[in-house]
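Proteins get letters first, then strands, A, B, ... in listed order; numbering begins at 1 in each. Only a predicted model underlies this, so the values are computations on that prediction, with no experimental measurement involved.
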2 protein chains.
Amino acid sequence: MAVTIAEVARRAGVSKSTVSRYLNGLYDHMGVDTKERIAQVIAELDYRPNALARSLKQKRTHTVGAIVANILNPFSTSIIRGIEDTLNEAGFNLILCNADDDPAKERDYVNMLVDKQIDGLIINTTGCNNELIAQVNQTIPIVLIDRKASDITIDTVTVDSAKGVRQAIDHLVALGHAGIAMLTLPYDHVSPRLERVQAYQAALAVHNLAFREEWLVQTSMEDEVILSKLHALLDGEVTADKPTSIFCANNMITMSVVKAIKQMGVTIPKEIAVLGFDDWEWAQLIDPPVTVVAQPVYDMGNKAADLLIKRIKGGRSSKKPITILFEPQLLKRKSCGE
Amino acid sequence: MAVTIAEVARRAGVSKSTVSRYLNGLYDHMGVDTKERIAQVIAELDYRPNALARSLKQKRTHTVGAIVANILNPFSTSIIRGIEDTLNEAGFNLILCNADDDPAKERDYVNMLVDKQIDGLIINTTGCNNELIAQVNQTIPIVLIDRKASDITIDTVTVDSAKGVRQAIDHLVALGHAGIAMLTLPYDHVSPRLERVQAYQAALAVHNLAFREEWLVQTSMEDEVILSKLHALLDGEVTADKPTSIFCANNMITMSVVKAIKQMGVTIPKEIAVLGFDDWEWAQLIDPPVTVVAQPVYDMGNKAADLLIKRIKGGRSSKKPITILFEPQLLKRKSCGE
DNA sequence: CTGAAAGCGCTAACAG
DNA sequence: CTGTTAGCGCTTTCAG
């Protein structure tokens, strides 16, 4: 049996209330001797208050939950570091969950976290649990990160995808690429994916390049799938009918595309240029170093946590939901030619 | 105010006990009508039991904590995925924490998790909180992953570092390398680091290669530091006095070393070979693809969770602590020459 | 088959 | 300056 506050009180010869006050730093008007006695007993018994009991009473857990889409993605882990640091500084604990881009898992995690009475929630959402999220947000502050939720208004921290894509396409065009294909994961419910596809089309139009349906390819993450999609794209007979560059909608795609292209024995950038959205630490070690549109992920994590803490402290009656847009930045490396 | 079990009971016209039984699936001897009425009220009110209250009473949270050393390391995230999957399957929740290789953070997380009454704990420890860990382990099952804790016996899941290093050195020697340097992070408290250093020395001996103090270099992760250490190692005048290969003790070091070497304008593997401990998804995309000793990280996560669950269910009186050793595997790529 | 009552470990009025 | 009391929301004997 773990030692409880009652035991501490008994040994110190005081009441539970007094010990409780001590624990909560309310020793303004506490007898110095009492204080010392309690401190000593606590040290002796190595007493630690039960956080469950405390939270049950206080109705605050000082804990926030964060659900990321895919923890294997460096994008997620950088965001996590940002969230974590800000939270720690403010004295909040973090419960981290990995939805694995699975709506069912996401739903379960949201529920689990709510059940555990978290004070707030940060989600990189699959986009398939909007009703649930909206409902939870009535009671518990939620901040969405990276991905917006359509049809519901919740605090959101994300990046200006349109601007990033525009920089990417401009760069490719400037380097003489007229055939620009795009590879993306299914963009049904994931806002940045959709935005990037739309921005891609818009940017092509700006440069008077025709949008080719077959050059906007939707893929899954399986290596074989990506490989076959690339074969379809690049194995045409007529040179004029092949794209000379590929824009990848996120870093996981970029990595897989580079891997597949190498496997095909095609040279980057000579035969095909590659440009990706999202930077990651090892992008520059790749052969050739990959040109990317970088997002300030760590800062985004910071900001999301910041916003959430304000909501938690401000009470439910705060202000209207806001959206914070970060600026993307094109990092020119070697994968798009000169 | 969130809806409570009392409210559900009131509306369903039954007692709290009955609702509680329903919630816990104890409807063996429950009136079908009662059951349905409760189900309906719960659905109507969208009632969710307060996990804090429940756990406070039950003294079980169905939650385990995991503390990793560095969440930015793909090694950690793969382990996490392994832990997660096994835990989910068994109906346990996971609270994930990132100690950032900081003993103080680790200590705080351990305490936080204990306070939250977790049922078990998995730690990739800094090695600097052994007393605390041993103490907690008296009450709550702990499984160490990757890194052992010296002087205390706790369930541990790790890899046979010695064997891995041996494979690495054998490979380098087979390719004609007689000058083999090693780069490692400080190995004071981190068991695999120490083991790898020792195995490195042992393997050199086996091949009758002299151990050179100045070729075993301890570094921090800062780019500049690594760069300067490499300069010191490789800028010697006399060719005979420079190592022809570098063995990196883990993946973070490997990445940084590759980055630094490229920055120096030195060619891998022609001028210097590189071999790393730990594989990661993009190692093969690097120029040149890096030869590594891979660990079955996902499986290790699985196993650690598995072991922990058994301990949790088996009660504290289980058997003696055990150590599970996984087999490393050399993945030959291009960074060590032919 | 169901209810009453006690209590998990803590906090928070309210007294004194 | 400190103690008494009454819960937080749930589970769990023990009756009936």
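- Distance CD (B/Glu36) to P (C/dT2): 12 Å, rounded to an integer number of Å.
- Within 6.0 Å of NZ on A/Lys303 lie no more than 12 heavy atoms contributed by other residues, nucleotides or ligands.
- Between A/Ile42 atom CD1 and C/dC10 atom P there is a gap of 10 Å when expressed in whole angstrom units.
- Looking at B/Ser17, its side chain comes within 3.5 Å of the base of C/dA4 through a donor and an acceptor atom.
- If you check C/dT2, C/dC14, D/dG9 against the side chain of B/Arg21, the one that comes closest is C/dT2.
- Rounded to whole Å, the distance from CZ on A/Arg48 to C1' on C/dC10 is 15 Å.
- Using a 4.0 Å heavy-atom distance criterion, A/Tyr47 is classed as a sugar-phosphate-only contact.
- Rounded to whole angstrom, the span from the CG atom of A/Leu23 across to the P atom of D/dT2 amounts to 14 Å.
- Checked against D/dG3, D/dC10, C/dG9, the side chain of A/Thr4 finds its nearest nucleotide in C/dG9.
- With sequence neighbours excluded, no residue forms a ring pair (Phe, Tyr, Trp, His ring centres under 6.0 Å) with A/His189.
- Of the listed residues (B/Ile140, B/Leu132, B/Asn129), just one forms a side chain to side chain contact (heavy atoms under 4.5 Å, CB included) with B/Val110, and that residue is B/Leu132.
- At the heavy-atom level, A/Thr34 lies under 4.0 Å from the strands shown only through sugar-phosphate atoms.
- Contact annotation: B/Lys59 side-chain N/O to D/dT11 OP1/OP2 distance is not under 4.0 Å.
- Computed from coordinates, the A/Gln117 CD to D/dC10 C1' distance equals 11 Å when rounded to whole Å.
- Per the geometry, CD1 belonging to B/Ile38 stands 12 Å off C1' belonging to C/dG3, to the nearest Å.
- The nearest whole Å value for the distance from the CZ atom in B/Arg37 to the C1' atom in C/dC1 is 12 Å.
- A/Arg60 has its CZ atom 17 Å from the P atom of D/dC8, to the nearest Å.
- Set against C/dT11, C/dG3, D/dC10, the side chain of B/Ser15 has C/dG3 as its closest nucleotide.
- Each of C/dG3, C/dC10, D/dC10 was ranked by its minimum atom distance to the side chain of B/Ile5; first place goes to D/dC10.
- Between A/Lys16 and B/Gly13, the residue anchored closer to the 5' end of DNA chain C is B/Gly13, taking for each the nucleotide with the nearest heavy atom.
- Across A/Ile42, A/Val41, A/Thr34, a single residue satisfies side chain to side chain contact (heavy atoms under 4.5 Å, CB included) together with A/Tyr22, and that is A/Ile42.
- If you check C/dC10, D/dT12, D/dG9 against the side chain of B/Leu56, the one that comes closest is D/dG9.
- Distance from the side chain of B/Lys57 is smallest to D/dG9 among C/dC10, C/dT11, D/dG9.
- Expressed to the nearest 0.5 Å, how far CD1 of B/Ile5 lies from OG1 of B/Thr18 amounts to 9.5 Å.
- Not one side-chain nitrogen or oxygen of A/Asn50 sits closer than 4.0 Å to the OP1 or OP2 atom of C/dC8.
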